[in-house]
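Beneath this line is the structure, given in structure tokens, with notes to follow.
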Amino acid sequence: MQTLEPILVEHPFFKDLEPRYLQLIIGCASNVRFDSGQFIFREGEKANQFYLLRQGKVALEVFSPERGAITLQTLGEGEVLGWSWLFPPYRWHFDARVLEPLRAIAFDGECLRTKCEEDHDLGYELVKRVAHIVIQRLQATRLQLLDIYGLHS
Amino acid sequence: MQIIDRNSLDILFDTLKRRGFNLVGPTIRDGAIVYDRLTSTADLPIGWTDEQNGGTYRLKKRADVAVFGYTVGPHSWKKLLYPSVQRLWRAKRDGENFQFITEDEEVSKFAFIGVRSCELHAIAIQDKVFINGKYIDPVYKLRRENVFIVTVNCGKASGTCFCVSMNTGPRATFGFDLALTEILEDNHHRFTVEVGTERGAEILREVPHREADEEEKAKVEDIVAKTARQMGRTLDTTDIKDLLYRNYEHPRWDEVASRCLTCGNCTLVCPTCFCTTVEDVTDLTGEHAERWRKWDSCFTMDFSYIHGGSIRSSSKARYRQWMTHKLATWIDQFGTSGCVGCGRCITWCPVAIDITEEVRAIRGKE
Amino acid sequence: MLPDLYRVQRVRQETHDTFTLELEPMSGGQQVAAKGVSFAAGQFNMLYIFGVGEVPISISGNPTPRKVRVSPPRFVHTTRAVGTVTKAMGKLKRGDVLGVRGPFGSHWPMEEAVGKDIVMVAGGIGLAPLRPALYQFLSQRENYNRIILLYGTRSPADILYRRELEQWRARFDLEVQVTVDQAMGAWHGNVGVVTTLIPRVSFDPLRTIALICGPEIMMRFTILELQKRGVGKENIFISMERNMKCAIGFCGHCQFGPTFICKDGPVFRYDRIQEWFGKREI
């Protein structure tokens, strides 16, 4: 597990995280790989993972019977995937399908949640970081909804 | 400074006509003093004056025979220097090609009679827009070059005048060929004449005149000083550019917008407003096309239209654009205010919106 | 100001509503390709369709000739058919004649960018006015450090200059990232607004010149994102659009605060117009 530490420290999500917190959560982490076309998770499944993406590309999709798979967003290196593990009912809301072979660090959601409950300072630190990502995504989503390149006459 | 008698004014007119100038000046039409062709001094509004206030204009008989005893009306000289409707070119289809047809324009030489100091400033401002910048407008330039200007120092101010605030009058200091001041005393109706150009001196040589005495020179000062004291309005221009730049979101814009009809009268009567639009037209055969330029107003929705909508869709935004342009952005654009304090926009606003009052309101509640 | 006559030399449909015209100058009914055209990256022309009207269209061709001291032979304009004139323009065929006035306006900061990283952010048809700058950067590649093009558009079908983008993406001396707002099925590229690309690319914010062109909302959020990365507002340049009739500062329509988009713009250094940029109904 010691080998994961340098990877975690370098990932933007954990930028400037205090080493003692890193030590607390490193036990929840593992190295994972996914191939193109593989689903990392599917809508409705139990959400118990949090991914720090290191390489490759993944699409968040929703499937419509008439229109097929609609991509909501693509994520890649330096970004994170999944926040449904943090809040009940711990279910994935969308599909995550790999577009380009993906390497990531996966955290066990339950493990992380337990650590956060035990140490609220860690919990606060982690929730702040997740909230930051959520806000960025929300802002980008609002822009996306505007259809700014469309004709509005 | 020279003196000519009232009768010599006729000789001045004749001299200008003889030199090929078409005379244009104040004359009464439709209950207002407008600028139109003059054949003789008899066409001038002799013995008339005007009463002006916010949204109000009335002609009144004077008790005397003053020739220039009134202030400015709804017209300004821009209608002659920058016509409200102008064909820019014609084009003709020629097989699969087409050709542009231009004609060398013959423009008559105009002598502007009775130009006021504020109007000289307005012309100077339009000069900056049309001939002193990177691009030159040939229509304006051609007309401007041919104009002979006879100025009149104002003997009275109207209820909407504020040239003193704008530092543009009432006394003419530049931009004229000849400048008159009317002195009307019992049995002695005469004009002082100041010569502004060699061309003006040449014309004056053909008009009987004499040197003004000290008393007459002093009278000119008295007359313009008295007019300056009569200003119906004032506008505090201190820091005006930054004041308006700071207050794009002032609640006053909403108040004025609730009254503004966005009719565009203010832009049409303003002697400096220069905005135009173009219309491209064809005849029924589709073989001939023309481009026309017409006065436009920033108060229309179309003015700021880009695909999808108008940038300034609220009347608040349009009034703000007009006033902020006039008093603030103009300074950055052309190094001068776009307002000369003539008061036309106040007089001719159907709901009496008063630019001086709007500035005061914004300044007062910053 | 009288337009000059140009003949349509080539028409290319780019997407369902955009097309590119290549125009060659004429003289006395004859083409005079040798005469060439001259413009700076970022400038625009007024294009006149006989009897229909005139519109400002940015120039999207290469301002730098292949051979030294030879002007590029044609004006290249990419247009979206949205109004009466641009729709009529979309019906032009090879050999048709139109009127051209220009080029007008300011240009992209080619000199300021020398020795720096360049981040170009384009939204939708906003790629068209940026293309001449990219051509020029690439033709003098050694003068610049990193060159990054971030391009966002509505959907994969709306991607402009698709083949060229693919060629650019294959280059080692240029980073190109394309993203779309909505995608389905076969699209394997990025999905998300163009601003989400900014944190993903690496450049030195303190030595970067950013060039942005797109809808105003897109430009506002792009500026925000660039500022988050530490790019100074004096190093951000944007291209503005307003109603335009004369293109030479007389008609008054294109006023934006104290500026005339036609002669002071369309390209502005952001800090010089930031007071007005983002204010409502300016």
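As the structure is a prediction and not an experimental result, all values here were calculated from the model. Residue numbering restarts at 1 for every chain, and letters A, B, ... go by the order of the sequence lines.
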Which atom of [X] lies closest to which atom of [Y], heavy atoms considered:
X	Y	result
Cys275(B)	Gly252(C)	SG-CA, 3.5 Å
Ala91(B)	Phe50(C)	CB-CE1, 3.8 Å
Arg312(B)	Ile282(C)	NH2-O, 2.9 Å

Under a 4.5 Å heavy-atom cut-off, does chain C meet the side chain of [X], its backbone, both or neither?
X	answer
Thr102(B)	side chain
Leu244(B)	neither
Gln126(B)	neither
Thr324(B)	neither
Thr277(B)	both
His288(B)	backbone
Phe100(B)	side chain
Glu279(B)	neither
Lys294(B)	neither

If you tally heavy-atom pairs under 4.5 Å against chain C, which of [options] wins?
options	value
Arg291(B), Glu96(B), Lys134(B), Gln321(B)	Arg291(B)
Asp283(B), Asp137(B), Val278(B)	Asp137(B)
Phe98(B), Tyr140(B), Tyr82(B)	Phe98(B)
Thr329(B), Val129(B), Asp94(B), Thr282(B)	Thr329(B)

- Item | Heavy-atom pairs under 4.5 Å with chain B, option from Glu241(C), Lys263(C), Arg80(C) with the top count |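 Heavy-atom pairs under 4.5 Å are most numerous for Glu241(C).
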- Choice from Lys245(C), Arg242(C), Gln255(C) maximising heavy atom contacts with chain B below 4.5 Å: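 Counting heavy-atom pairs under 4.5 Å, the top option is Gln255(C).
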- Tell me, with the steps shown, if Asp296(B) and His253(C) meet side chain to side chain contact (heavy atoms under 4.5 Å, CB included). CA-CA 9 Å; Asp296(B) 201 1; His253(C) 284 247; 2.9 Å; yes
- Query: Does Asn243(C) reach the main-chain N or O of Tyr305(B) with its side chain, forming a donor-acceptor pair under 3.5 Å?
  - Reply: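 Indeed, once roles are kept as given, a pair shorter than 3.5 Å links the two residues.
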- Task: Can you label the angle between the Tyr245(B) ring and the Trp276(C) ring as parallel, tilted or perpendicular, going by 30° and 60°?
- Result: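 Taking Trp276(C) first and then Tyr245(B), their aromatic rings stand perpendicular (interplane angle over 60°).
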- Near-ring test Phe250(C)/Tyr135(B), centroid separation under 6.0 angstrom: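 Here the rings of Phe250(C) and Tyr135(B) have centres that are no less than 6.0 Å from each other.
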- Hey, does Cys251(C) have a side-chain heavy atom less than 4.5 Å from the side chain of Phe274(B)?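 Side chain of Phe274(B) against side chain of Cys251(C), heavy atoms only: no contact under 4.5 Å found.
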Mind checking the [atom1]-[atom2] spacing from [X] to [Y]? Nearest 0.5 Å is all I need.
X	Y	atom1	atom2	value
Cys254(C)	Ile311(B)	SG	CD1	11.5 Å
Arg318(B)	Glu281(C)	CZ	CD	8.0 Å
Tyr48(C)	Asp280(B)	OH	CG	5.0 Å

A quick test of your reading: do over 12 heavy atoms of other residues, nucleotides or ligands sit less than 6.0 Å from [atom1] of [X]?
X	atom1	value
Asp254(B)	CG	yes
Phe112(B)	CZ	yes
Arg10(C)	CZ	no

- Query: So Lys279(C) and Glu249(B), side chain to side chain contact (heavy atoms under 4.5 Å, CB included) or not? Walk me through it.
  - Reply: CA-CA 9 Å; Lys279(C) 276 203 175 76; Glu249(B) 307 298 349; 4.2 Å; yes
What part of [X] is in contact with chain B, defined as an atom under 4.5 angstrom from a non-hydrogen atom: side chain, backbone, both or neither?
X	answer
Leu98(C)	backbone
Arg280(C)	backbone
Val85(C)	neither

- Item | CA sep, side-chain torsions, deciding dist, call: Asn97(B), Met26(C), side chain to side chain contact (heavy atoms under 4.5 Å, CB included) | CA-CA 10 Å; Asn97(B) 296 349; Met26(C) 291 170 65; 3.8 Å; yes
